[in-house]
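One structure is given here, and the rest of the page talks about it.
All chains are named by letter (A, B, ...) in the order of the sequence lines, taking the proteins before the strands, and each is independently numbered beginning at 1.
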2 protein chains.
Amino acid sequence: MVKKISKKTIERALLYIRTLEGLVKSNRYLVSSGELAKMTGFSDVQIRKDISKFGKVGTPRIGYKTIELRDILEGFVLQQDSVYAALFGVGNLGSAILKYPGFHKGRIKIIAAFDKDLKKIGKKINDVNIYSIDKAPKIIKRTKIEIGIIAVPKEFSQEVADIVVLSGLKGIVNFSPMSIVVPKNIVVRDIDFTIEFLSLFCDIQR
Amino acid sequence: MVKKISKKTIERALLYIRTLEGLVKSNRYLVSSGELAKMTGFSDVQIRKDISKFGKVGTPRIGYKTIELRDILEGFVLQQDSVYAALFGVGNLGSAILKYPGFHKGRIKIIAAFDKDLKKIGKKINDVNIYSIDKAPKIIKRTKIEIGIIAVPKEFSQEVADIVVLSGLKGIVNFSPMSIVVPKNIVVRDIDFTIEFLSLFCDIQR
DNA sequence: GTATGTGAAGTAATTCACAGCT
DNA sequence: AGCTGTGAATTACTTCACATAC
(Lines give C-alpha, C1' and ligand atoms only; values in the text may rest on other atoms or scores of the structure.)
Protein backbone atom coordinates (compact mmCIF):
# COMPACT_ATOMS: atom_id res chain seq x y z
CA MET A 1 0.00 0.00 0.00
CA VAL A 2 2.66 2.53 0.92
CA LYS A 3 4.99 2.55 -2.04
CA LYS A 4 8.19 4.49 -2.47
CA ILE A 5 7.16 8.05 -3.00
CA SER A 6 9.21 10.08 -5.44
CA LYS A 7 10.36 13.63 -4.91
CA LYS A 8 8.19 14.80 -7.75
CA THR A 9 5.12 13.25 -6.20
CA ILE A 10 5.94 14.92 -2.90
CA GLU A 11 6.35 18.27 -4.55
CA ARG A 12 2.99 17.92 -6.25
CA ALA A 13 1.44 16.68 -3.01
CA LEU A 14 2.44 19.95 -1.38
CA LEU A 15 0.52 21.72 -4.10
CA TYR A 16 -2.48 19.49 -3.62
CA ILE A 17 -2.37 20.30 0.08
CA ARG A 18 -2.27 24.00 -0.66
CA THR A 19 -5.22 23.66 -3.01
CA LEU A 20 -7.19 21.49 -0.60
CA GLU A 21 -6.65 23.99 2.17
CA GLY A 22 -8.31 26.60 -0.02
CA LEU A 23 -11.23 24.28 -0.71
CA VAL A 24 -11.65 23.40 2.96
CA LYS A 25 -11.64 27.08 3.84
CA SER A 26 -14.46 27.71 1.40
CA ASN A 27 -16.38 24.79 2.86
CA ARG A 28 -16.08 22.44 -0.10
CA TYR A 29 -16.62 18.90 1.12
CA LEU A 30 -15.81 16.89 -2.00
CA VAL A 31 -13.49 17.29 -4.95
CA SER A 32 -12.67 15.12 -7.98
CA SER A 33 -9.30 14.52 -9.57
CA GLY A 34 -10.59 16.36 -12.63
CA GLU A 35 -11.35 19.46 -10.61
CA LEU A 36 -8.00 19.34 -8.88
CA ALA A 37 -6.46 19.03 -12.33
CA LYS A 38 -8.09 22.25 -13.50
CA MET A 39 -7.01 24.01 -10.34
CA THR A 40 -3.40 22.84 -10.32
CA GLY A 41 -2.58 22.40 -13.97
CA PHE A 42 -1.57 18.74 -13.67
CA SER A 43 -3.45 15.96 -15.44
CA ASP A 44 -6.21 14.12 -13.65
CA VAL A 45 -4.47 10.75 -14.10
CA GLN A 46 -1.30 12.15 -12.61
CA ILE A 47 -3.20 13.35 -9.60
CA ARG A 48 -4.91 9.99 -9.09
CA LYS A 49 -1.60 8.17 -9.46
CA ASP A 50 0.01 10.47 -6.94
CA ILE A 51 -2.81 10.13 -4.44
CA SER A 52 -2.92 6.36 -4.85
CA LYS A 53 0.62 6.23 -3.47
CA PHE A 54 -0.83 7.26 -0.15
CA GLY A 55 -3.55 4.60 -0.11
CA LYS A 56 -7.07 4.22 -1.41
CA VAL A 57 -8.77 7.29 -0.19
CA GLY A 58 -11.27 8.34 -2.85
CA THR A 59 -14.72 6.99 -3.63
CA PRO A 60 -15.60 6.11 -7.23
CA ARG A 61 -18.36 8.21 -8.69
CA ILE A 62 -17.98 10.66 -5.77
CA GLY A 63 -14.41 11.88 -5.55
CA TYR A 64 -12.23 12.75 -2.56
CA LYS A 65 -13.25 14.29 0.72
CA THR A 66 -11.29 17.52 0.90
CA ILE A 67 -10.53 17.41 4.62
CA GLU A 68 -9.65 13.73 4.65
CA LEU A 69 -7.38 13.98 1.63
CA ARG A 70 -5.60 17.01 3.00
CA ASP A 71 -5.00 15.27 6.31
CA ILE A 72 -3.70 12.13 4.67
CA LEU A 73 -1.30 14.01 2.43
CA GLU A 74 -0.11 16.16 5.31
CA GLY A 75 0.39 13.14 7.48
CA PHE A 76 2.69 11.49 4.98
CA VAL A 77 4.53 14.51 3.81
CA LEU A 78 4.93 16.60 6.94
CA GLN A 79 5.72 14.85 10.17
CA GLN A 80 6.13 18.01 12.20
CA ASP A 81 3.84 20.87 12.99
CA SER A 82 6.50 23.49 12.55
CA VAL A 83 9.74 23.85 10.69
CA TYR A 84 12.24 26.23 12.24
CA ALA A 85 14.60 28.34 10.19
CA ALA A 86 17.26 31.01 10.52
CA LEU A 87 17.76 33.85 8.07
CA PHE A 88 21.18 35.05 6.97
CA GLY A 89 21.24 38.50 5.47
CA VAL A 90 18.66 41.12 6.41
CA GLY A 91 18.74 43.22 3.23
CA ASN A 92 15.79 43.98 0.98
CA LEU A 93 15.00 40.38 0.21
CA GLY A 94 15.80 39.14 3.70
CA SER A 95 13.47 41.69 5.25
CA ALA A 96 10.71 40.72 2.84
CA ILE A 97 11.17 37.10 3.84
CA LEU A 98 10.93 37.97 7.53
CA LYS A 99 7.66 39.73 6.83
CA TYR A 100 6.30 37.09 4.46
CA PRO A 101 2.71 36.53 5.56
CA GLY A 102 2.63 32.90 4.45
CA PHE A 103 5.29 32.08 7.02
CA HIS A 104 3.85 34.17 9.77
CA LYS A 105 0.65 32.19 9.91
CA GLY A 106 1.91 28.86 8.70
CA ARG A 107 4.26 26.05 9.53
CA ILE A 108 7.54 27.77 8.80
CA LYS A 109 8.92 29.76 11.67
CA ILE A 110 11.95 31.97 11.26
CA ILE A 111 13.24 32.33 14.79
CA ALA A 112 16.57 34.08 14.33
CA ALA A 113 18.15 36.42 11.82
CA PHE A 114 21.80 37.25 11.28
CA ASP A 115 23.60 40.11 9.60
CA LYS A 116 26.95 41.78 9.84
CA ASP A 117 25.68 45.34 9.59
CA LEU A 118 26.05 46.89 13.05
CA LYS A 119 23.08 49.16 12.34
CA LYS A 120 20.83 46.14 12.06
CA ILE A 121 22.21 43.97 14.84
CA GLY A 122 20.13 44.21 17.99
CA LYS A 123 17.01 45.28 16.12
CA LYS A 124 13.91 43.21 15.47
CA ILE A 125 11.82 42.66 12.39
CA ASN A 126 8.46 41.06 12.83
CA ASP A 127 9.49 39.92 16.31
CA VAL A 128 12.62 38.18 15.06
CA ASN A 129 15.89 39.28 16.64
CA ILE A 130 18.84 40.18 14.43
CA TYR A 131 22.18 38.95 15.71
CA SER A 132 25.77 39.29 14.61
CA ILE A 133 26.51 36.66 12.05
CA ASP A 134 29.57 35.25 13.79
CA LYS A 135 27.44 34.32 16.78
CA ALA A 136 25.27 32.12 14.56
CA PRO A 137 26.74 28.69 15.43
CA LYS A 138 26.47 29.32 19.16
CA ILE A 139 22.96 30.72 19.02
CA ILE A 140 21.60 28.16 16.58
CA LYS A 141 22.88 25.22 18.57
CA ARG A 142 20.66 26.26 21.46
CA THR A 143 17.56 26.08 19.24
CA LYS A 144 15.58 23.63 17.15
CA ILE A 145 16.46 25.40 13.92
CA GLU A 146 16.99 22.98 11.02
CA ILE A 147 17.05 25.19 7.95
CA GLY A 148 19.23 28.13 6.99
CA ILE A 149 18.10 30.78 4.52
CA ILE A 150 20.86 32.53 2.62
CA ALA A 151 19.87 35.98 1.40
CA VAL A 152 23.23 37.74 1.31
CA PRO A 153 24.97 39.25 -1.72
CA LYS A 154 26.58 36.56 -3.84
CA GLU A 155 30.11 37.58 -2.84
CA PHE A 156 29.38 36.28 0.64
CA SER A 157 27.15 33.32 -0.03
CA GLN A 158 29.89 30.69 0.25
CA GLU A 159 31.26 31.99 3.53
CA VAL A 160 27.76 32.16 4.95
CA ALA A 161 27.11 28.64 3.68
CA ASP A 162 30.17 27.53 5.64
CA ILE A 163 28.75 29.14 8.77
CA VAL A 164 25.43 27.40 8.16
CA VAL A 165 27.27 24.09 7.98
CA LEU A 166 29.23 24.87 11.13
CA SER A 167 25.96 25.62 12.86
CA GLY A 168 24.86 22.06 12.24
CA LEU A 169 21.90 22.81 9.98
CA LYS A 170 20.71 20.13 7.60
CA GLY A 171 19.11 22.19 4.87
CA ILE A 172 19.68 25.45 3.05
CA VAL A 173 17.43 27.63 0.95
CA ASN A 174 19.86 29.63 -1.14
CA PHE A 175 18.48 32.83 -2.62
CA SER A 176 21.87 34.06 -3.78
CA PRO A 177 22.58 33.77 -7.49
CA MET A 178 25.59 31.57 -6.94
CA SER A 179 26.04 27.87 -6.30
CA ILE A 180 27.32 27.00 -2.88
CA VAL A 181 29.47 23.99 -2.07
CA VAL A 182 28.47 22.05 1.03
CA PRO A 183 28.90 18.49 2.34
CA LYS A 184 26.55 16.25 0.47
CA ASN A 185 24.49 15.26 3.48
CA ILE A 186 23.18 18.82 3.50
CA VAL A 187 20.26 19.48 1.21
CA VAL A 188 20.17 22.70 -0.79
CA ARG A 189 17.29 24.41 -2.60
CA ASP A 190 18.37 27.16 -4.94
CA ILE A 191 15.99 29.99 -5.72
CA ASP A 192 17.64 32.26 -8.24
CA PHE A 193 15.14 34.83 -9.51
CA THR A 194 17.16 35.56 -12.61
CA ILE A 195 17.21 31.92 -13.61
CA GLU A 196 13.51 31.52 -12.97
CA PHE A 197 12.76 34.49 -15.18
CA LEU A 198 15.09 33.43 -17.95
CA SER A 199 13.81 29.88 -17.98
CA LEU A 200 10.26 31.18 -18.19
CA PHE A 201 11.38 33.39 -21.05
CA CYS A 202 12.89 30.40 -22.85
CA ASP A 203 9.58 28.58 -22.53
CA ILE A 204 7.79 31.55 -24.03
CA GLN A 205 10.12 31.68 -27.01
CA ARG A 206 9.45 28.08 -28.06
CA MET B 1 23.95 18.83 -34.86
CA VAL B 2 21.23 20.90 -33.28
CA LYS B 3 18.99 18.36 -31.60
CA LYS B 4 15.78 18.95 -29.73
CA ILE B 5 16.76 20.53 -26.46
CA SER B 6 14.72 19.55 -23.44
CA LYS B 7 13.48 21.92 -20.78
CA LYS B 8 15.72 20.31 -18.23
CA THR B 9 18.77 20.85 -20.37
CA ILE B 10 17.84 24.50 -20.83
CA GLU B 11 17.39 24.98 -17.12
CA ARG B 12 20.81 23.50 -16.47
CA ALA B 13 22.29 25.54 -19.29
CA LEU B 14 21.19 28.68 -17.49
CA LEU B 15 23.15 27.47 -14.49
CA TYR B 16 26.18 26.73 -16.61
CA ILE B 17 25.97 30.24 -18.01
CA ARG B 18 25.82 31.69 -14.52
CA THR B 19 28.83 29.64 -13.47
CA LEU B 20 30.78 30.48 -16.60
CA GLU B 21 30.13 34.17 -16.08
CA GLY B 22 31.78 33.87 -12.69
CA LEU B 23 34.77 32.09 -14.21
CA VAL B 24 35.12 34.65 -16.99
CA LYS B 25 35.01 37.44 -14.44
CA SER B 26 37.87 35.85 -12.54
CA ASN B 27 39.82 35.49 -15.76
CA ARG B 28 39.64 31.72 -16.07
CA TYR B 29 40.23 30.76 -19.67
CA LEU B 30 39.53 27.05 -19.59
CA VAL B 31 37.26 24.77 -17.63
CA SER B 32 36.55 21.02 -17.75
CA SER B 33 33.24 19.24 -17.39
CA GLY B 34 34.56 17.78 -14.14
CA GLU B 35 35.21 21.19 -12.67
CA LEU B 36 31.82 22.46 -13.76
CA ALA B 37 30.37 19.36 -12.11
CA LYS B 38 31.94 20.23 -8.77
CA MET B 39 30.76 23.80 -9.06
CA THR B 40 27.18 23.07 -10.06
CA GLY B 41 26.46 19.76 -8.40
CA PHE B 42 25.53 17.95 -11.62
CA SER B 43 27.50 14.98 -12.94
CA ASP B 44 30.25 15.53 -15.47
CA VAL B 45 28.59 13.24 -18.02
CA GLN B 46 25.38 15.14 -17.69
CA ILE B 47 27.18 18.37 -18.37
CA ARG B 48 28.93 17.00 -21.44
CA LYS B 49 25.66 15.56 -22.75
CA ASP B 50 23.95 18.88 -22.25
CA ILE B 51 26.70 20.86 -23.91
CA SER B 52 26.91 18.43 -26.81
CA LYS B 53 23.34 19.37 -27.72
CA PHE B 54 24.69 22.75 -28.72
CA GLY B 55 27.46 21.37 -30.92
CA LYS B 56 31.02 20.20 -30.52
CA VAL B 57 32.65 22.97 -28.63
CA GLY B 58 35.20 21.45 -26.27
CA THR B 59 38.70 20.17 -26.92
CA PRO B 60 39.62 16.73 -25.63
CA ARG B 61 42.40 16.77 -23.06
CA ILE B 62 41.91 20.54 -22.68
CA GLY B 63 38.32 21.27 -21.78
CA TYR B 64 36.06 24.16 -22.73
CA LYS B 65 36.96 27.79 -23.30
CA THR B 66 34.94 29.66 -20.72
CA ILE B 67 34.07 32.66 -22.89
CA GLU B 68 33.28 30.62 -25.96
CA LEU B 69 31.08 28.17 -24.08
CA ARG B 70 29.21 30.94 -22.34
CA ASP B 71 28.56 32.70 -25.63
CA ILE B 72 27.38 29.54 -27.33
CA LEU B 73 24.99 28.65 -24.52
CA GLU B 74 23.69 32.20 -24.36
CA GLY B 75 23.21 32.30 -28.09
CA PHE B 76 21.01 29.22 -28.09
CA VAL B 77 19.12 29.86 -24.93
CA LEU B 78 18.60 33.61 -24.96
CA GLN B 79 17.85 35.27 -28.24
CA GLN B 80 17.37 38.72 -26.77
CA ASP B 81 19.63 41.01 -24.83
CA SER B 82 16.94 42.06 -22.42
CA VAL B 83 13.71 40.65 -21.11
CA TYR B 84 11.15 43.23 -20.06
CA ALA B 85 8.77 42.69 -17.19
CA ALA B 86 6.05 44.42 -15.20
CA LEU B 87 5.53 44.00 -11.48
CA PHE B 88 2.09 43.72 -9.92
CA GLY B 89 1.99 44.43 -6.21
CA VAL B 90 4.51 46.73 -4.56
CA GLY B 91 4.44 45.29 -1.05
CA ASN B 92 7.38 43.94 0.90
CA LEU B 93 8.24 41.27 -1.62
CA GLY B 94 7.45 43.43 -4.63
CA SER B 95 9.71 46.20 -3.39
CA ALA B 96 12.51 43.72 -2.80
CA ILE B 97 12.10 42.46 -6.35
CA LEU B 98 12.29 46.01 -7.71
CA LYS B 99 15.54 46.49 -5.84
CA TYR B 100 16.96 43.08 -6.65
CA PRO B 101 20.55 43.71 -7.70
CA GLY B 102 20.71 40.74 -10.05
CA PHE B 103 18.04 42.37 -12.21
CA HIS B 104 19.43 45.85 -12.06
CA LYS B 105 22.67 44.87 -13.74
CA GLY B 106 21.45 41.95 -15.79
CA ARG B 107 19.15 41.05 -18.61
CA ILE B 108 15.86 41.35 -16.80
CA LYS B 109 14.41 44.83 -16.79
CA ILE B 110 11.34 45.67 -14.77
CA ILE B 111 10.03 48.77 -16.48
CA ALA B 112 6.67 49.31 -14.82
CA ALA B 113 5.06 48.54 -11.49
CA PHE B 114 1.40 48.50 -10.54
CA ASP B 115 -0.42 48.70 -7.24
CA LYS B 116 -3.82 49.80 -6.05
CA ASP B 117 -2.61 51.62 -2.96
CA LEU B 118 -3.02 55.36 -3.63
CA LYS B 119 -0.10 56.10 -1.34
CA LYS B 120 2.22 54.19 -3.66
CA ILE B 121 0.85 55.24 -7.03
CA GLY B 122 2.92 58.00 -8.60
CA LYS B 123 6.03 57.13 -6.63
CA LYS B 124 9.15 55.47 -7.94
CA ILE B 125 11.28 52.65 -6.63
CA ASN B 126 14.69 52.17 -8.16
CA ASP B 127 13.64 54.38 -11.07
CA VAL B 128 10.54 52.31 -11.81
CA ASN B 129 7.23 54.18 -11.83
CA ILE B 130 4.30 52.82 -9.89
CA TYR B 131 0.96 53.11 -11.65
CA SER B 132 -2.63 52.34 -10.78
CA ILE B 133 -3.29 48.72 -11.50
CA ASP B 134 -6.34 49.31 -13.66
CA LYS B 135 -4.23 51.29 -16.11
CA ALA B 136 -2.01 48.26 -16.65
CA PRO B 137 -3.43 46.99 -19.98
CA LYS B 138 -3.20 50.42 -21.56
CA ILE B 139 0.30 51.17 -20.31
CA ILE B 140 1.72 47.74 -21.03
CA LYS B 141 0.45 47.70 -24.59
CA ARG B 142 2.65 50.70 -25.32
CA THR B 143 5.77 48.82 -24.21
CA LYS B 144 7.82 45.74 -25.02
CA ILE B 145 6.94 44.06 -21.75
CA GLU B 146 6.48 40.31 -22.10
CA ILE B 147 6.39 39.03 -18.54
CA GLY B 148 4.17 39.85 -15.59
CA ILE B 149 5.27 39.34 -12.01
CA ILE B 150 2.50 38.71 -9.52
CA ALA B 151 3.43 39.67 -5.98
CA VAL B 152 0.05 40.54 -4.52
CA PRO B 153 -1.71 38.87 -1.56
CA LYS B 154 -3.23 35.58 -2.59
CA GLU B 155 -6.78 36.91 -2.36
CA PHE B 156 -6.08 39.06 -5.39
CA SER B 157 -3.78 36.87 -7.43
CA GLN B 158 -6.47 35.56 -9.77
CA GLU B 159 -7.90 38.98 -10.58
CA VAL B 160 -4.40 40.30 -11.20
CA ALA B 161 -3.69 37.27 -13.38
CA ASP B 162 -6.75 38.21 -15.42
CA ILE B 163 -5.39 41.72 -15.86
CA VAL B 164 -2.03 40.29 -16.93
CA VAL B 165 -3.80 38.23 -19.56
CA LEU B 166 -5.80 41.25 -20.72
CA SER B 167 -2.55 43.15 -21.07
CA GLY B 168 -1.39 40.63 -23.62
CA LEU B 169 1.58 39.27 -21.69
CA LYS B 170 2.82 35.81 -22.55
CA GLY B 171 4.43 34.73 -19.28
CA ILE B 172 3.81 35.06 -15.57
CA VAL B 173 6.03 34.61 -12.56
CA ASN B 174 3.59 33.99 -9.76
CA PHE B 175 4.92 34.62 -6.28
CA SER B 176 1.54 34.30 -4.64
CA PRO B 177 0.85 31.06 -2.78
CA MET B 178 -2.11 30.21 -4.95
CA SER B 179 -2.50 28.64 -8.36
CA ILE B 180 -3.81 30.94 -11.02
CA VAL B 181 -5.90 29.86 -13.97
CA VAL B 182 -4.90 31.33 -17.33
CA PRO B 183 -5.29 30.39 -21.01
CA LYS B 184 -2.88 27.62 -21.78
CA ASN B 185 -0.81 29.58 -24.27
CA ILE B 186 0.43 31.64 -21.33
CA VAL B 187 3.37 30.17 -19.44
CA VAL B 188 3.41 30.34 -15.66
CA ARG B 189 6.26 29.86 -13.23
CA ASP B 190 5.15 29.48 -9.62
CA ILE B 191 7.50 30.48 -6.84
CA ASP B 192 5.83 29.66 -3.55
CA PHE B 193 8.27 30.12 -0.70
CA THR B 194 6.28 27.93 1.64
CA ILE B 195 6.31 25.04 -0.80
CA GLU B 196 10.02 25.42 -1.45
CA PHE B 197 10.73 25.30 2.26
CA LEU B 198 8.44 22.37 2.93
CA SER B 199 9.80 20.35 0.03
CA LEU B 200 13.33 20.98 1.27
CA PHE B 201 12.18 19.86 4.67
CA CYS B 202 10.75 16.65 3.21
CA ASP B 203 14.09 15.95 1.57
CA ILE B 204 15.85 16.42 4.90
CA GLN B 205 13.53 14.00 6.66
CA ARG B 206 14.32 11.13 4.29
C1' DG C 1 47.22 9.87 -20.37
C1' DT C 2 43.29 12.78 -19.99
C1' DA C 3 39.16 15.02 -21.35
C1' DT C 4 35.35 15.32 -24.85
C1' DG C 5 31.40 13.24 -27.30
C1' DT C 6 27.94 9.67 -27.87
C1' DG C 7 25.38 5.18 -28.88
C1' DA C 8 23.51 1.79 -25.87
C1' DA C 9 21.61 0.39 -21.52
C1' DG C 10 19.18 1.34 -17.67
C1' DT C 11 15.79 4.29 -14.68
C1' DA C 12 12.28 7.19 -13.84
C1' DA C 13 8.07 9.65 -14.95
C1' DT C 14 3.99 10.12 -17.62
C1' DT C 15 0.10 8.73 -20.27
C1' DC C 16 -3.00 5.20 -22.02
C1' DA C 17 -6.54 2.08 -21.52
C1' DC C 18 -9.56 -0.12 -18.93
C1' DA C 19 -11.20 -2.76 -14.81
C1' DG C 20 -13.91 -1.96 -10.69
C1' DC C 21 -16.92 0.44 -7.71
C1' DT C 22 -21.58 2.90 -6.40
C1' DA D 1 -23.06 6.85 -16.08
C1' DG D 2 -19.14 8.74 -13.73
C1' DC D 3 -15.32 8.60 -10.96
C1' DT D 4 -11.29 6.11 -8.78
C1' DG D 5 -7.32 3.01 -9.10
C1' DT D 6 -3.74 0.64 -11.74
C1' DG D 7 -1.09 -2.62 -14.91
C1' DA D 8 0.86 -1.89 -19.42
C1' DA D 9 2.85 1.04 -22.88
C1' DT D 10 5.16 5.02 -23.85
C1' DT D 11 8.12 8.71 -23.37
C1' DA D 12 11.76 11.30 -21.15
C1' DC D 13 15.96 11.41 -18.50
C1' DT D 14 20.25 9.72 -16.67
C1' DT D 15 24.18 6.79 -16.38
C1' DC D 16 27.41 3.54 -18.44
C1' DA D 17 30.98 2.31 -21.40
C1' DC D 18 33.86 3.32 -24.77
C1' DA D 19 35.36 5.45 -29.20
C1' DT D 20 37.70 9.68 -30.42
C1' DA D 21 40.89 13.47 -30.31
C1' DC D 22 45.06 15.74 -28.76
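For B:Lys53 against C:dG5, no side-chain N or O and base N or O form a donor-acceptor pair under 3.5 Å. A donor-acceptor contact under 3.5 Å is formed by the side chain of B:Lys49 with the base of D:dT15.
Here C:dA3 is the nucleotide among D:dT14, D:dG5, C:dA3 with the atom lying nearest to any side-chain atom of B:Ser32. Checked against C:dT4, D:dT15, C:dG1, the side chain of B:Arg61 finds its nearest nucleotide in C:dG1. Nearest nucleotide to the side chain of A:Arg48, out of D:dC3, D:dG5, D:dC13: D:dG5. Comparing C:dT4, D:dG5, C:dT15 by their nearest atom to the side chain of B:Tyr64 picks out C:dT4. Listed nucleotides: D:dT14, C:dT6, D:dT6. Nearest to the side chain of B:Ser52: C:dT6. Side-chain atoms of B:Pro60 lie closest to C:dA3 of the nucleotides D:dT14, D:dG5, C:dA3.
To the nearest 0.5 Å, atoms CD1 (B:Ile147) and CD1 (B:Ile172) are separated by 10.5 Å. Atom CZ of A:Phe114 and atom OG of A:Ser167 lie 7.0 Å apart (nearest 0.5 Å).
Mapping B:Val45 and B:Ile62 onto DNA chain C by nearest heavy atom places B:Ile62 closer to the 5' end of the strand.
As rounded to whole Å, 13 Å separates atom P of C:dA3 from atom CG of B:Leu36. The distance between atom CG of B:Asp50 and atom P of C:dT4, rounded to the nearest whole Å, is 13 Å. Between B:Lys4 atom NZ and D:dC13 atom C1' there is a gap of 12 Å when expressed in whole angstrom units. Atom CD1 in A:Ile72 sits roughly 14 Å away from atom C1' in D:dT4 (whole-Å rounding). Atom-to-atom, CD of A:Glu35 to P of D:dG2 comes out at 14 Å; the value is rounded to the nearest Å. Between the CD1 atom of B:Ile47 and the P atom of C:dT6 there is a distance of 16 Å, rounded to whole Å. Taking atom CG on A:Asp44 and atom C1' on D:dG5, their separation rounds to 12 Å, with Å as the unit. Residue B:Gln46 contributes atom CD, which lies 17 Å from atom C1' of D:dA17 at whole-angstrom precision.
Among the protein residues, B:Thr9 comes within range of no part of the nucleic acid, since none of its heavy atoms lies under 4.0 Å from any strand. The residue B:Ser33 sits close only to the backbone: its heavy atoms come under 4.0 Å of sugar-phosphate atoms, none of a base.
Within the 4.0 Å cut-off from OP1 or OP2 of D:dT15, at least one side-chain nitrogen or oxygen of B:Ser43 is found. Contact check, A:Lys56 against D:dT6: a side-chain N or O comes under 4.0 Å of OP1 or OP2.
The closest side-chain heavy-atom distance from A:Thr9 to A:Phe54 is below 4.5 Å.
A donor-acceptor contact under 3.5 angstrom links the side chains of A:Ser179 and B:Arg18, judged on distance only. A donor atom on one side chain and an acceptor atom on the other are not found under 3.5 Å apart for B:Gln46 and B:Asp50.
A:Lys53 forms no cation-pi arrangement with A:Phe76, by the criterion of a distance under 6.0 Å to the ring centre and an angle within 45° of the ring axis.
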